[in-house]
Structure formats: structure tokens, C-alpha cells
There are 2 protein chains.
Amino acid sequence: MVRKPTSKETARKPNMREAILAAAEELFATNGFNAVSVRDIAQAAGANPGSVTYHFKTKDGLLLEIYRRHCGPMNLRRSELLAAARRVRDLQDRLEAVVRAYVAPAFTSGSDLAGGGARFTRLRAVMSAEGNEVTRKIIAQTFDDTSHAFIDAIHDSLPHLPRTDIVWRSHFLLGALYYSLVTPDRVSRLSRGEADGNDAASAIEQLVQATVAAFQAPALDQAAPARRRPVVSSKT
Amino acid sequence: MVRKPTSKETARKPNMREAILAAAEELFATNGFNAVSVRDIAQAAGANPGSVTYHFKTKDGLLLEIYRRHCGPMNLRRSELLAAARRVRDLQDRLEAVVRAYVAPAFTSGSDLAGGGARFTRLRAVMSAEGNEVTRKIIAQTFDDTSHAFIDAIHDSLPHLPRTDIVWRSHFLLGALYYSLVTPDRVSRLSRGEADGNDAASAIEQLVQATVAAFQAPALDQAAPARRRPVVSSKT
DNA sequence: TGATCTTTTGTACGATAGTACAAATCACAT
DNA sequence: ATGTGATTTGTACTATCGTACAAAAGATCA
């Protein structure tokens, strides 16, 4: 016997609402927020423009709901992976595990919530580039905790490294991560087909190894910048 | 005696045209292309909306002209710095010089063409995130040569490293570079004020050192992925 | 000064944007 | 079967978009 929902439960037909969310996510992530109209989204979802207003009130509300849907699961997954990574004994291995815990969830593919990490991360990249006000707040609120936890974990593996350097390097990591999802074709193009920028596994491996090495670089004491080598030397 | 221009020369009053270009560059770089209207630009430049149409025909034409203005000088400067860097004898030092030659011109500040590297680079970052068609072509045409020259120079300093790895890591470099210009405040926030994300000198030093270390990481043979360490280990 | 060309201004047009809202339709409990 | 609340549809309103274009203003030279 199938349970009969009490009619106040979520929705009778969750299909359309989900379809709109999925279509909006895809379109926003590839074209930016302002370039996509509500009518574009409705058409891609096979819905009526009025349906979008009904479910999400405004275009900003739709964007906000996409974030609400993803932030929880993704941060949860990262927390789990990070906790597991911190239990690795060897410091070198732990560093790699921590970085991987940060990177891997951002590359997961698929259409469901747990699997759509790549699309959502790309959306975040595009929104941060556009300087979107709506998402900047939610990002700072939701992701700064995760970032701090990640930074702390790195600091555990590299106790000698000043926190400042860790912040900079993890910032570079996020930038590289974003860009890999935004413009993967550039990798294929520059490598003349030898590498596939759209291959998530390759991207993860490359990004993890490069980032681990970057974190392991010696500290930059800003107090005494030892040898500031000029780029243009008159001779030699 | 001041030379009298023959009236067909450039323009009588270059001020307004330049003001529009500068205002558009600033607004596009901070808000994205689609979020900024021609009227916004005109108002910021103290001009009439019709003036934008007169000078640049269309909004796309205005964007294109911004790129035309900057691509030449920036690539020229990079070529000079790269040529100087390649003359450095010590391989380790040369690698750092090459990376610095790539990074430094992207951070120059100022309002003129030679100094506005940071604003223009930020614009490129935003445009690539928005997936803008107009700029994608001109970027691929204009910057791929520079990228290849840069990759070749890296390859000279690190002959053992497969080209594939160099492409990936230089891709990460560009992503980190973009992101540092797009969201500098995040660095200040995450470091709780200890670091200043808006300080170009710090950003350059941090980025160069981290990137050099990343390039120096051992090669990733994709043929035989040696020890693929799982992130989640059941125990230890 | 008057003729001519360049630049700026003011305004208007058609297209499309986000959103509101009433009517139609659907799902389901009674 | 029918009433009821949830959802979808169709449409319309207002604002703003990019762009066009004629008129005004400014500059240059005979």
C-alpha cells in the first residue's frame, strides 16, 4: 500500500519546480545571471513564465533557492571528507588528502543534488565574477566556515607556514578550481588535444598535485623580503 | 609654432571618447557586460547616450574597442619581459622570472593604457566567466600566442616536465590570477585583516612563489597513475 | 563671416525585461 | 461526482534596453 501524502506535503507535482531549478542552474552557470531571462528558463524547462513567478516569486528568489539547495549538501560532503582526511597520520599524505577533500566535491557530475557539484561550482564562479550582490552574502555566510576549516586543516599539516600564506594559496586554489570549470576547453586547445580539460579526473589530479606543491613552498616572510629579483635585468 | 592637424586626424576632442572607454571598462570589469547599460556608461562618463552610439556604433563595438586598445600593449609588455626572463641563466631563477613576466603586467594599476593592466585583466576574467561570444574569439586569437610562448619558456626551464602538465598548471595560474583580481576582499576577510588582498605587490609575490613551486612538482604520468589515494579511508 | 565637417544632444522607436494577476486546469478528499 | 486547494496558463503592464536619427553646437578653414 502506497502512502497517501496529506496534500499539505511539499507539492503534488515536484517535476516542474525541479525542472525550472535545473534549467536555471544550467543557464546561469553557462551564460551568467543577467544574460538569462525568466522566459529563457521557462522555455528550457518546458514551463510557462508565470510558473517561475509562482514558485520563486522573483528571479533573485530563484537564484537564492538554487544556492539553498546546494550549499548544505556540498558543505556536508566536504566536512565528511575533511574529517576523514584529518585522520591521516603521515603529514604529507594528510596534506594531499585535505586538498583532495576540498577539490573533489566541486567536480562531481550528474543531475541530482549530490552529483551536481561541478555545475553549482561553475555557477558560483560566474556569480563571483559578475559581482552579484544576492549571492555574495550567502557565499560569505555559508562558505567562509568551510574555508576556515580547510585552512585550519592545512595549518595542521604545515605548522611552520604562516596563516597569511595559507590564505593566499588556498585563494589561488579556489581561483584555479573555478577557472578549470569555467573554461575547460582552453586546456584542450592549448595542449593541442593532448589533454582533455573536460575530464574531471584529470583536472582533480592535476589540481591536487599542483596545489600540494604550492602549499609546500617555503614561507614568504613579508617582513624581510630576501631577494626581490627584478624581472628585467639590464644584462644576464 | 604648433602643428595644425589636418582635420582628418584622429579627433578634435578625444576626451569624450576616452572617457566613455574608461567608464565602460570600469563598469564592465566590476559588474559584467550584461548588467551594465549604455546609459550607465554614458552617465558615468558624463556623456550623452547617443554619443556612445556615435563613437562605437554598438555596445559590442565598444567592448571590442576596449580589447583592441589593451591587447597590443599588454602582449608587447609580456613579450619584452619574457624575452628578458629567458636570458636568465640559472634554471631555477629563470623559471621564477618567466612566471613573474607573465604575472606582473596583469597587476599594473593606473588609468592609462600601459598601467591599466589590473582593470583589463579583471575585465577578461569577468568576460570569460560570462561566456561572452564577442571576446572569446579575440581572446583565443590574441592571447593563445602569448600563452604558447609562456608555455615554451616554462618547458625550457623544466625540460623533464610533460607539456600536458605545464598546460594544466599554467591554466591554474591564470585562474588564480583572475580570481585574485576579481575577489581580492576574500583574502582580507579570510585572513582576518592580516593580509591585504588589494595589495598588488603581495599578490604578485604570493602568486609567483606558489606557482613556481607548483611547476616544480613532479610530473603526473597519466599512463600509470601510481598511488591513487582514496580520500575516505575506512580506517587510517 | 560663412561654409563645411565633426561631435554632442535630445528624443523616439521597437524589443524585451521582470513581474502581476485572473482564468483555466489539475489532483485529490469526501 | 463534486468541491477545494494547488498549480499552470495566458496575457498584460510598466520599465528599461540597444539603437536610430534629426537638430543643435562646436570647430576649422576659405
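When the P atom of dT6(C) is taken as reference, atom CE of M16(B) falls 19 Å away, rounded to whole Å. If you measure from atom CZ of R17(B) to atom P of dT7(C), you get 9 Å, rounded to the nearest angstrom. For the pair Q43(A) CD and dT9(D) P, the computed distance is 13 Å after rounding to whole Å. Between K57(B) atom NZ and dT7(C) atom P the separation is 14 Å, expressed in whole Å. If you take CG of N15(B) and P of dG26(D), they are 15 Å apart, rounded to a whole angstrom. The CZ atom of F56(B) sits 18 Å away from the C1' atom of dA20(D) (whole-angstrom rounding). Nucleotide dG18(D) holds its P atom 12 Å from the CG atom of L27(B), rounded to whole Å. Look at CD1 on I41(B): it is 10 Å from P on dT19(D), rounded to the nearest Å.
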May I have the list of side-chain donor-acceptor pairs in residues 102-112 of chain A shorter than 3.5 Å, sequence neighbours left out?
unit_1, atom_1, unit_2, atom_2, d
T108(A), OG1, P105(A), O, 3.3
T108(A), OG1, G115(A), O, 3.3
T108(A), OG1, G117(A), N, 3.2
D112(A), OD1, G115(A), N, 3.3

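Residues that satisfy the ring-ring contact (aromatic ring centres under 6.0 Å, His included) test with Y67(B), not counting sequence neighbours, are F120(B). With sequence neighbours excluded, the residues that form a side chain to side chain contact (heavy atoms under 4.5 Å, CB included) with A44(B) are A23(B), L27(B). For F215(A), there are no ring-ring contact (aromatic ring centres under 6.0 Å, His included) partners, not counting sequence neighbours.
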Protein-nucleotides 14-18 of chain C N/O pairs closer than 3.5 Å?
unit_1, atom_1, unit_2, atom_2, d
dG18(C), OP1, K59(A), NZ, 2.8
dG18(C), OP2, V38(A), N, 2.8
dG18(C), N7, R39(A), NH1, 2.7
dG18(C), O6, R39(A), NH2, 2.8

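Partner Y179(B) forms a ring-ring contact (aromatic ring centres under 6.0 Å, His included) with one of Y178(A), W168(A), F172(A), Y179(A) and no other, that one being Y178(A).
Considering only side-chain N and O atoms, H55(A) lies under 4.0 angstrom from the phosphate OP1 or OP2 of dT8(D). Regarding contacts with the backbone of dG10(D), a side-chain N or O of N48(A) is found under 4.0 angstrom from either OP1 or OP2.
Distance from the side chain of Y54(A) is smallest to dA6(D) among dA6(D), dT7(C), dA20(D).
Judged by the 6.0 Å and 45° rule, R124(B) forms a cation-pi pair with F143(B).
Judged as a salt bridge (Lys or Arg N to Asp or Glu O under 4.0 Å), not a single pair has a partner in residues 43-60 of chain B (not counting sequence neighbours).
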